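Working notes, structure below.
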Amino acid sequence: MKVLVRNNVYWVGKIDWELRKFHGNEYSTHSGTSYNSYLIIEDKVALIDSVWVPFGREFVANLEDEIGLDKIDYIIANHGEPDHSGGLVELLKRKPKIPVYCTANGAKSLKGYYHEDWNFRVIKTGDKLSLGSKELLFVEAPMLHWPDSMFSYLSGDNILFSNDAFGQHLATENLFNDLVDQEALFTECIKYYANILTPFSPLVKKKIEEFFSLKLPLNVICTSHGVIWRKDPAQIVDKYLQWADGYKENRITVIYDTMWNATRIMGENIAKGIAAADPEVKVKLFNSAKTDKNDIITEIFKSKGIVVGSPTVDKGILSSLSGLLEMIKGLKFKGKKAAVFGSYGWSGESIKVLGESMAEAGFDLIGDGIKMEWQPDREARNKCFEYGKKIAEAFSGQV
Ligand code: FEO
């Protein structure tokens, strides 16, 4: 079923209510997602993006019902990742001559995934494609979020087809931003930015500025996941500019894993010390072995600093933290502070390992951390409390 977006532009994508893990196991989709595809039915008919591979057949069957495959003149592949290009396999099996407009890297990734010699038409920024009285303008958008990404802009209707940018993993039968719960929407938006776009923040800012320097009117942003921004689309652009600019709130996040609760007790007392020294700061604790990793990353993104703890195990740290630290390193957070802590029974290397990881990840590491032998007694708990107060002071003035 197609859904009218504006004038002759229709949504023809797929809402995936079931999805709970995306990118393999790398991204949790608590609220499902959608793969948004659009049909522009002018004198010429253009299909923008498609859906994930498992939904390819039903996608093409729907296109057949809605318009007929013979009517599709152009395919615009804004990005080659299979959640947007999967439906093209079935479509181009049946209509192999339809030209596929994409960037040079888009052609490379599509060939790499599907090993098909489709009718590629490689575009560069500024290239246009006439659909009759309206035209599509292409703008390469490398690293938003892959090297092959591009934006397509439809004149007349003033619609930006932004692919992954400005999207969010949210399944909703109400496809428009003004029809959904705003808190749920922005919760998913910031999680998406934090977990996917953070390392590309300098490019996000630059690309947004470049696009808006064209001074094109903008009525709608049609993303490839989640809602269509038809009401005040500039609001999500403004959010991206904020998030791309070293975003942080007055929050400190304490993250730990624990074997026999000693490190947990340390973390809780550190958090109490932070709260006592700075009642304005929001402090949250997460056990990395029990909390969704993408939700922790979102909390880190919002925080001005983090405090990370692990007991010493085999002269290292617990494995739930190792995986999380690898994610943190890859995301290239900027302008955030870190401190470390951990319990131990014998050798006590965990704080050194954690400290080196945080420094390598680009955090401003405060001190050498605090370690406590065996189960923290009253004196040890008090030391953690005092350490928390020092952290509050060291992390102050950061927002
Ligand atoms: Fe939604 Fe980068 O694919």
Side-chain angles (χ1 to χ4, degrees), residues 11-38 47-56 59 75-89 91 100-114 123 138-152 160-172 175 177 185 188-201 203-204 207-208 221-229 236 240 243-244 294 297-298 327 330-332:
W11 177 92
V12 286
K14 173 69 185 177
I15 300 170
D16 189 345
W17 295 94
E18 289 186 359
L19 194 78
R20 290 296 175 268
K21 291 287 180 187
F22 185 73
H23 280 166
N25 194 37
E26 278 303 288
Y27 191 110
S28 58
T29 46
H30 306 315
S31 306
T33 193
S34 66
Y35 317 104
N36 297 338
S37 172
Y38 302 94
L47 175 74
I48 311 263
D49 294 321
S50 68
V51 300
W52 187 31
V53 182
F55 303 109
F59 170 72
I75 291 168
I76 314 300
N78 281 326
H79 176 31
E81 207 166 0
D83 51 325
H84 307 297
S85 62
L88 299 184
V89 178
L91 176 57
V100 178
Y101 288 77
C102 59
T103 62
N105 276 328
K108 187 176 174 184
S109 63
L110 290 166
K111 284 178 190 170
Y113 273 118
Y114 305 115
I123 65 84
F138 302 117
V139 178
E140 293 168 273
M143 305 320 293
L144 266 79
H145 70 116
W146 268 19
D148 68 331
S149 300
M150 70 177 193
F151 294 162
S152 302
L160 175 65
F161 297 93
S162 61
N163 198 262
D164 283 322
F166 312 123
Q168 70 295 148
H169 289 299
L170 178 66
T172 169
L175 280 171
N177 69 309
L185 171 60
E188 293 300 337
C189 287
I190 197 167
K191 175 179 176 180
Y192 188 93
Y193 190 97
N195 282 273
I196 294 176
L197 288 158
T198 297
F200 312 119
S201 287
L203 296 168
V204 169
K207 184 52 59 178
I208 288 174
I221 297 177
C222 286
T223 70
S224 61
H225 295 293
V227 299
I228 294 164
W229 299 91
I236 188 63
Y240 265 48
W243 294 338
N294 303 108
I297 291 292
T298 308
M327 288 178 77
L331 288 167
K332 297 184 171 60

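Note that ligands are numbered from 1 as they come in the structure, with each ligand's atoms numbered from 1 the same way. Everything numeric in this text was worked out from a predicted model, so none of it was measured. Side chains are part of it too, since the values below use all heavy atoms of this structure and drop only hydrogens, waters and symmetry mates. All residue numbers in this chain count up from 1 along the given sequence.
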Item to check | For Ser109, all residues meeting side chain to side chain donor-acceptor pair (under 3.5 Å), sequence neighbours excluded | outcome: Asp148
Checklist outcome for this item: Value for CH2 (Trp52) from CZ (Phe59), rounded to nearest 0.5 Å, stands at 15.5 Å
Item to check | Sub-4.5 Å side-chain heavy-atom contact between His30 and Asn294 | outcome: no
Item to check | With Glu188 via side chain to side chain donor-acceptor pair (under 3.5 Å) - residues at least two apart | outcome: Ser31
Checklist entry - Does the side chain of Lys332 come under 3.5 Å of the side chain of Ser201 through a donor N or O and an acceptor N or O? => result no
Checklist entry - Can you list the protein N, O or S atoms less than 2.8 Å from atom 2 (Fe) of ligand 1? => result His79 NE2, Glu81 OE1, His145 NE2, Asp164 OD2
Next on the checklist: Ser152: which residues meet the side chain to side chain donor-acceptor pair (under 3.5 Å) condition with it, sequence neighbours left out?
Outcome noted: Asn78
